[in-house]
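Only one structure is covered here, and it is reproduced in the block below.
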Amino acid sequence: MTNELVHQEKNELLQAIDLLKQKQWIDLTHTFGPNSPHFAGFDGAEFKTLFDHSDGFFAQQFSFAGQYGTHIDAPIHFVPNSRYVDELDLKELVLPLIVINKSKEAQLDPDFTLCVQDILDFEAEHGEIESDVFVALRTDWSKRWPDQLAFDNKGEDGNNRTPGWGLDALKFLFTERKIKAIGHETFDTDSAIDYKKRGKLAGEYYVLDQDTFQVELLTNLDQLPPTGAAILNFVPKVEGASGFPVRSFAILP
């Protein structure tokens, strides 16, 4: 490759960066701490100061489950002998973004479960969902942050009442539309009522069994258009991690 071609490629890359920075960027990530909402099976996060400025520098130690705050789940989270977070390819983590808005439905019925017809209704208005995209389910559940009780939303029977994806809808998206990954605002992929019916997180297992990832506890989906944006997911390359807090953000068209 000649120096002229190398110079031209660098210019094109820098031009692309300049273009992206002219767009609006939306943070899709909750700030989390020791008192943030988390899955009931996990202990709360612990933040410890190891050294402060009187020692000459400030350093901390953090302890939390991999699936804490806005986080990414790798296939190994549910599927044995599959990929870890550090094995996800960089280009997998940058995808066109589709946002299916079911916030009104979730507000009226916390047991709302996305079905195939909901997807078809979305496509009737916005066009068929293309392949290799990230599809996010907007329920506005993130507005309950940082209230653990509001996030759990337990009914009189003591069970959570939270919206989520239906298994048939997920199968349709992955098999018929060939999407790449999904995300949502709740702790789990499945609606709580579906989990109660099946006795397992069948939707979450299905997604991760497609050798892909998902992002949970997203926020600010209400600031995104249904189509046209892109999502970027930055995550540390932790050896053998089943999941880890992620910095997810969107760039608007």
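The analysis underlying the following values was restricted to heavy atoms, covering all of them including side chains, and did not include hydrogens, waters or symmetry mates. Keep in mind that what you see is a predicted model, and the values were worked out from it rather than measured.
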Point-to-point distance, once rounded to the nearest 0.5 Å, from CD of Gln214 to CD of Glu204: 4.5 Å

Applying side-chain hydrogen bond (donor to acceptor under 3.5 Å, both in side chains) as the test, list every pair that has at least one member in residues 39-54; sequence neighbours left out. Asp52-Ser54

Result block: side-chain N/O donor-acceptor pairs under 3.5 angstrom for residues 17-26, not counting sequence neighbours:
unit_1	atom_1	unit_2	atom_2	d
Trp25	NE1	Leu20	O	2.7

In a check of salt bridge (Lys or Arg N to Asp or Glu O under 4.0 Å) between Asp118 and each of Arg138, Lys104, Lys102, which one passes? Lys102

Enumerate the ring-ring contact (aromatic ring centres under 6.0 Å, His included) contacts for residues 220-242, please, sequence neighbours excluded, ordered by first and then second residue. Phe234-Phe249

Any salt bridge (Lys or Arg N to Asp or Glu O under 4.0 Å) involving residues 60-81? Give me the pairs, sequence neighbours left out, ordered by first then second residue. none

Derivation and outcome, side chain to side chain contact (heavy atoms under 4.5 Å, CB included), residues Thr162 and Phe187: CA-CA 9 Å; Thr162 55; Phe187 290 131; over 6 Å; no

Looking at Ile98, Val207, Ile119, which hits side chain to side chain contact (heavy atoms under 4.5 Å, CB included) with Leu173? Ile119

With sequence neighbours excluded, what pairs up with Tyr68 under the ring-ring contact (aromatic ring centres under 6.0 Å, His included) test? Phe32, His38

Please examine the side chains of Asn35 and Pro146, heavy atoms only from C-beta on, and report whether any two atoms are closer than 4.5 Å. no

Mind checking side-chain contact (heavy atoms from CB on, under 4.5 Å) for Val116 and listing every partner two or more places apart, or none if nothing turns up? Leu120, Asp168, Phe172

Hey, any chance Val133 and Val215 share a hydrophobic cluster, counting ILVMFWY side chains that come within less than 4.5 Å of each other, even indirectly? no

Between the side chain of Asp147 and the main-chain N/O of Leu149, is any donor-acceptor distance below 3.5 Å? yes

Reported CG-to-CZ distance for the pair Leu232 and Phe134, which is rounded to 0.5 angstrom: 11.0 Å

Closest non-hydrogen atom pair between Pro225 and Pro253, with its separation: CG-CD, 4.1 Å

Should Val99 and Phe122 be counted in the same cluster of Ile, Leu, Val, Met, Phe, Trp and Tyr side chains packed under 4.5 Å apart? no

Is a side-chain N or O of Ser82 found less than 3.5 angstrom from the main chain of Ile76, in a donor-acceptor match? yes

Any pair with a residue in residues 86-97 that passes salt bridge (Lys or Arg N to Asp or Glu O under 4.0 Å), sequence neighbours left out, goes on the list, sorted by first then second residue, please. Arg83-Glu92, Glu92-Lys180

Once salt bridge (Lys or Arg N to Asp or Glu O under 4.0 Å) is applied, what residue pairs with a partner in residues 188-202 remain, sequence neighbours excluded? Asp157-Lys196

Going by the salt bridge (Lys or Arg N to Asp or Glu O under 4.0 Å) test, which pairs reach into residues 225-247, not counting sequence neighbours? Asp27-Arg247

Is there a path of hydrophobic side-chain contacts, each under 4.5 Å between heavy atoms, that joins Ile72 and Val79? no

ring-ring contact (aromatic ring centres under 6.0 Å, His included) partners for His30, two or more places apart: Trp145

Keeping to residues at least two apart or across chains, list the side-chain hydrogen bond (donor to acceptor under 3.5 Å, both in side chains) pairs with something in residues 123-133. Glu123-Arg177

Main-chain N/O of Asp111 paired with Thr113 side-chain donor or acceptor, under 3.5 Å: yes

Calculate, to the nearest 0.5 Å, the distance between atoms OG and CG belonging to Ser103 and Leu108 respectively. 9.5 Å

Val135 vs Trp165, side chain to side chain contact (heavy atoms under 4.5 Å, CB included): CA-CA, chis, key distance, verdict: CA-CA 11 Å; Val135 180; Trp165 303 86; 3.8 Å; yes

Please say yes or no: joined through hydrophobic side-chain contacts below 4.5 Å, possibly via intermediate residues, are Val85 and Ile231 part of one cluster? yes

Calculate, to the nearest 0.5 Å, the distance between atoms CG and OG1 belonging to Leu208 and Thr189 respectively. 6.5 Å

So Asn101 and Pro226, do their side chains get closer than 4.5 Å, heavy atoms only? no

Ring geometry between Phe39 and Phe42 (parallel below 30°, tilted from 30 to 60°, perpendicular above 60°): perpendicular

Counting only heavy atoms not in Lys171, do more than 12 fall under 6.0 Å of its NZ? no

Taking Asp140's backbone N and O only, do any of them form a donor-acceptor pair with Glu185's side chain (distance below 3.5 Å, no angle check)? yes

Of the options Thr186, Thr29, Leu28, Thr70, which is the one that meets Leu217 in a side chain to side chain contact (heavy atoms under 4.5 Å, CB included)? Thr70

Nearest-0.5 Å distance that lies between atom CG in Asp152 and atom CZ in Arg161: 13.5 Å

Specify the closest pair of heavy atoms between Ala74 and Ala241, including all atoms of both residues, with the distance to one decimal. CB-O, 4.3 Å

Only pairs at least two apart or in different chains count here, so list each side-chain hydrogen bond (donor to acceptor under 3.5 Å, both in side chains) that has a residue in residues 220-231. Lys143-Asp222, Asn220-Gln223

Give me the atom names and distance for the closest heavy-atom approach of Leu88 to Pro75. CD2-CD, 4.3 Å

The test is side chain to side chain donor-acceptor pair (under 3.5 Å); show your working for Asp121 and Gln117 and say whether it passes. CA-CA 6 Å; Asp121 291 344; Gln117 188 58 52; 2.8 Å; yes

Does one hydrophobic cluster hold both Tyr84 and Val238, with members joined at side-chain heavy-atom distances below 4.5 Å? no

Once rounded to the nearest 0.5 Å, what's the spacing between atom CG of Leu221 and atom CD1 of Ile100? 11.5 Å

Is the number of heavy atoms from other residues, nucleotides or ligands under 6.0 Å of Tyr195 OH greater than 12? no

Nearest heavy-atom neighbours spanning Phe78 and Tyr205: O-CE1, 3.5 Å

